[in-house]
Amino acid sequence: MNSIDPKNQDFFERVFDVVRLIPHGRVSTYGAIAAYLGAKRSARMVGWAMNLSHQVDAEIPAHRVVNRVGLLTGKHHFKTPTTMREKLLQEGIMCDEHDQIVNFNEVFWDPFSLDNL
DNA sequence: TGAATGACTCGAT
DNA sequence: GATCGAGCCATTC
């Protein structure tokens, strides 16, 4: 949205930057990203950032961000409810009929792992 | 200006 | 171990 305030844009850009760093075939969580940005309590804001990500930069892999149990809670915000699952499948990430990542523990990517590089 | 909402998470029962 | 409720923080009406 073009109504993003500069001060808030900084927070959203930080979120976008972390999401863009998620490796291909991996996923992360709203809480993990929020915690990495020092706003552990603001997981919902990460969701808002993902919503805006479709408008500010379509290249942001928002489909790689799920909730803490690996559920595709944001699928309805994509073009179609199946778009999120389709994109994950293309990256080798399997989801069950409940739109939950099967091997979530294996594909989960922690932003804090960047600090170990 | 104030209240409600939301792609969440954690703690208590 | 599972379920319920409250907290958080920016955006929108």
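Every chain is numbered from 1, with letters handed out A, B, ... down the list of sequences.
Each of A/Trp48 and A/Val69 was matched to the nucleotide of DNA chain B holding its nearest heavy atom; the match closer to the 5' end belongs to A/Trp48.
At whole-Å resolution of the value, CG in A/Leu52 and P in B/dT5 are 20 Å apart. In this structure, CG of A/Leu88 is placed 13 Å from C1' of B/dA7, rounded to the nearest angstrom. If you measure from atom NE2 of A/His76 to atom C1' of B/dC8, you get 16 Å, rounded to the nearest angstrom. Distance A/Lys40 NZ to B/dC8 C1': 12 Å, rounded to the nearest Å. Remark: P of B/dA4 and CZ of A/Arg44 are 14 Å apart, rounded to the nearest angstrom. Following rounding to the nearest Å, A/Asp99 (CG) and B/dA7 (C1') show an atom-to-atom distance of 13 Å. Between the NE2 atom of A/His77 and the P atom of B/dA7 there is a distance of 4 Å, rounded to whole Å. Taking atom CE of A/Met50 as the reference point, atom P of B/dG6 lies 18 Å away to the nearest angstrom.
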Run the numbers on A/Tyr36 and A/Val15 for side-chain contact (heavy atoms from CB on, under 4.5 Å), then give the verdict.
CA-CA 9 Å; A/Tyr36 183 74; A/Val15 175; over 6 Å; no

Stepwise, does the salt bridge (charged side-chain N to carboxylate O under 4.0 Å, His left out) test hold for A/Glu91 with A/Arg26?
CA-CA 8 Å; A/Glu91 297 187 3; A/Arg26 293 296 185 91; over 6 Å; no

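Here the shortest heavy-atom pairing between A/Ile93 and A/Ile101 reads CG2-CG2, 3.7 Å.
Contact of A/His54 with B/dA7 (side chain to base): a donor-acceptor pair of N or O atoms is detected under 3.5 Å. A donor N or O paired with an acceptor N or O is not found under 3.5 Å between the base of C/dC8 and the side-chain atoms of A/Arg41.
Counting non-hydrogen atoms under 4.0 angstrom, A/Ala49 reaches nothing in the nucleic acid. Within 4.0 Å (heavy atoms only), A/Asn51 reaches at least one base atom of the nucleic acid.
Here the options are A/Arg20, A/Met84, A/His24, A/Lys87, the test is side chain to side chain contact (heavy atoms under 4.5 Å, CB included), and the partner is A/Arg64; only A/His24 passes.
The separation of C/dT3 from B/dA7, taken at their C1' atoms, amounts to 22 Å, rounded to a whole angstrom.
For A/Phe78, counting side-chain heavy atoms from C-beta on, the closest listed nucleotide (C/dC9, B/dT9, B/dA7) is B/dA7.
Ring pair A/Phe104/A/Phe108 is tilted by interplanar angle, where 30° to 60° counts as tilted.
Close to C/dA10, at under 4.0 Å from its OP1 or OP2, lies no side-chain N or O of A/Ser42.
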